[in-house]
Visitor: 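So that we are looking at the same thing, I have put the structure below in structure tokens.
Only heavy atoms go into these numbers, but all of them, side chains included; no hydrogens, no water, no symmetry mates.
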Amino acid sequence: MTVCNTEILSTTYDSTKDEAREPLLIEYSWQGVIKSISETEFTANIYDPLIDKYGELVQEISEVSKYNQKYIQEGSTFILLLYRDHLMRKQYKFEFIKYRPPSPTLLDFQEKYLK
Amino acid sequence: MINYNTKPVEELYSFQIKGSFDPQHYSLPWLVKNKIIDVEEMDQYKSYTRDEIVQYNSKILYFEIDYDYFKIKTYSSATYPILLDKFISILRLLRSTVDSSYSFRVNLHTRLRNNNHVKSSLTKFTVPKLKEDGIVNGSWSDAVQFVDNLSHRNFNLNRRIILSKCYKIEPEFQHNLHIFVINEIQLTKKEIFDRFHNDQDMIFKKSIEICNYLLNIVHS
């Protein structure tokens with residue numbers, strides 16, 4: 001195990017190298033709000049904070065992790081992550097904001113698109 | 001996701017509350033029972049123990065519970081909203097047993113060209129005045145800290161900004177500089193959740209602004 005031996009000023013340092021499992025290798029992310037749902041898919045407004053642009057996403061429900069499918073409701077906010085798996089393949093993952101209200105940024109975003 | 005002026009090689013965002021915790025008590029089933037995570041989400045988490053410190057991670061969120069703290073962290077700004085979401089749930093749950101205080105840290109690692117670049121970057125913050133006044137000649141600092149105490153309507157904030165050389169010996173850490181922004185927040189209002197989102201959002205944004213400012217200086 002590697003340990004950061006920087007003891008000056010701050011002795012607590014958390015490094016990815018010290019974790020038992022490396023964190024998800026996230027390459028990009030978007031914030032989203034679900035606008036409408038059909039039997040097999042949902043439509044969401046998404047926001048790209050890096051370039052400050054809005055767009056729309058149509059997503060098949062079956063492609064969302066089983067444990068997250070119950071959060072697919074109108075007005076649900078989520079983070080869409082683009083990451084690399086252990087074989088360095090590109091993958092997408094939805095992570096829902098479960099506590100309400102979400103952070104002001106998302107709340108503003110939600111208000112803007114649900115009006 | 002944050003557009004840093006210079007992309008750090010490593011990022012960490014963490015919340016920590018201090019108190020008295022029995023690490024064994026705060027198991028994964030406890031997190032499920034208290035609706036911090038879903039029962040279906042449990043298999044995403046790996047558990048391990050190090051020196052009695054209990055840790056759970058999903059590769060996105062990392063929980064760490066020791067006898068005197070409860071910490072939750074993430075390694076990407078993209079997942080900060082999820083981190084905040086979980087932290088609020090935890091704080092709501094534990095607020096009767098902990099002080100009305102928490103810490104929020106942004107820890108960055110930024111890579112510089114070589115060791116001289118690390119030295120010259122840190123020197124920008126300290127040595128010129130000492131050199132100008134003839135106190136030192138050619139010395140350099142390997143760490144610098146700035147401290148701020150601020151009072152807001154709902155909380156008192158002690159902020160430490162730390163820049164220090166990373167002494168890890170692995171090649172990927174050589175010539176790296178730590179930029180840490182450590183916010184110690186003491187909530188002063190009883191009803192702490194009234195403006196919690198707004199206040200934490202302000203602290204988060206200011207921390208990122210500080211990091212970007214420092215990244216500009218050290219890379220210029």
Visitor: To the nearest 0.5 Å, tell me how far A/E22 CD sits from B/K59 NZ.
Guide: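 Spacing of CD (A/E22) from NZ (B/K59) equals 8.0 Å.
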Visitor: Do B/I60 and A/L81 touch side chain to side chain, with heavy atoms closer than 4.5 Å?
Guide: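 Answer yes - side chains close enough.
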Visitor: How long is the span from the CZ atom in A/F96 to the CG atom in B/D85, to the nearest 0.5 Å?
Guide: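 Reported value, rounded in 0.5 Å steps: 12.0 Å.
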Visitor: Within the supplied structure, the quantity of interest is the number of heavy atoms (other residues, nucleotides, ligands) at a distance under 6.0 Å from B/K35 NZ; does it exceed 12?
Guide: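 Atom NZ in B/K35 is not crowded, with 12 or fewer foreign heavy atoms closer than 6.0 Å.
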Visitor: Is A/L50 in contact with chain B via its backbone, its side chain, both, or neither, using a 4.5 Å heavy-atom distance?
Guide: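 Both parts, backbone and side chain.
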Visitor: If every non-hydrogen atom of B/A78 is compared with every non-hydrogen atom of A/I26, which pair is closest and at what distance?
Guide: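 Heavy atoms of B/A78 and A/I26 come nearest at CB-CG2, 4.1 Å.
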Visitor: In Å and rounded to the nearest 0.5 Å, what is the CE to CG distance from B/M1 to A/D48?
Guide: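 B/M1 CE to A/D48 CG: 10.0 Å, rounded to 0.5 Å.
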Visitor: Taking CZ in B/F146 as the centre, count heavy atoms belonging to other residues, nucleotides or ligands within less than 6.0 Å. Is the count above 12?
Guide: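 Yes.
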Visitor: When rounded to the nearest 0.5 angstrom, what is the spacing between OH in A/Y67 and CD1 in B/I37?
Guide: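 So the gap between those two atoms works out to 10.0 Å.
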Visitor: How long is the gap from CG on B/L83 to CD on A/E95, to the nearest 0.5 Å?
Guide: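 So the CG of B/L83 and the CD of A/E95 are separated by 12.0 Å.
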Visitor: Quick one: closest heavy-atom pair of B/Y75 and A/P23, and the distance?
Guide: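 Between these two residues, the closest heavy atoms are CD1-CG, 3.6 Å.
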Visitor: Hey, could you give me the CD1/OG distance between B/I2 and A/S29, rounded to the nearest 0.5 Å?
Guide: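 Reported to 0.5 Å precision, the distance equals 9.5 Å.
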Visitor: Quick one: what part of A/Q69 sits under 4.5 Å from any heavy atom of chain B, side chain, backbone, both or neither?
Guide: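 Neither part.
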Visitor: Do A/F78 and B/I82 have side-chain heavy atoms sitting under 4.5 Å apart?
Guide: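 A/F78 does not reach B/I82 side chain to side chain.
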Visitor: Report, as yes or no, whether the 6.0 Å neighbourhood of atom CD on A/E63 holds more than 12 heavy atoms from other residues, nucleotides or ligands.
Guide: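 Atom CD in A/E63 is crowded, with more than 12 foreign heavy atoms closer than 6.0 Å.
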Visitor: Please classify the contact of A/K70 with chain B as side chain, backbone, both or neither, using a heavy-atom distance under 4.5 Å.
Guide: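 The side chain, not the backbone.
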Visitor: Using a cut-off of 6.0 Å, state whether more than 12 heavy atoms not belonging to A/Y28 lie near its atom OH.
Guide: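 Yes, the 6.0 Å shell around OH holds more than 12 heavy atoms from other groups.
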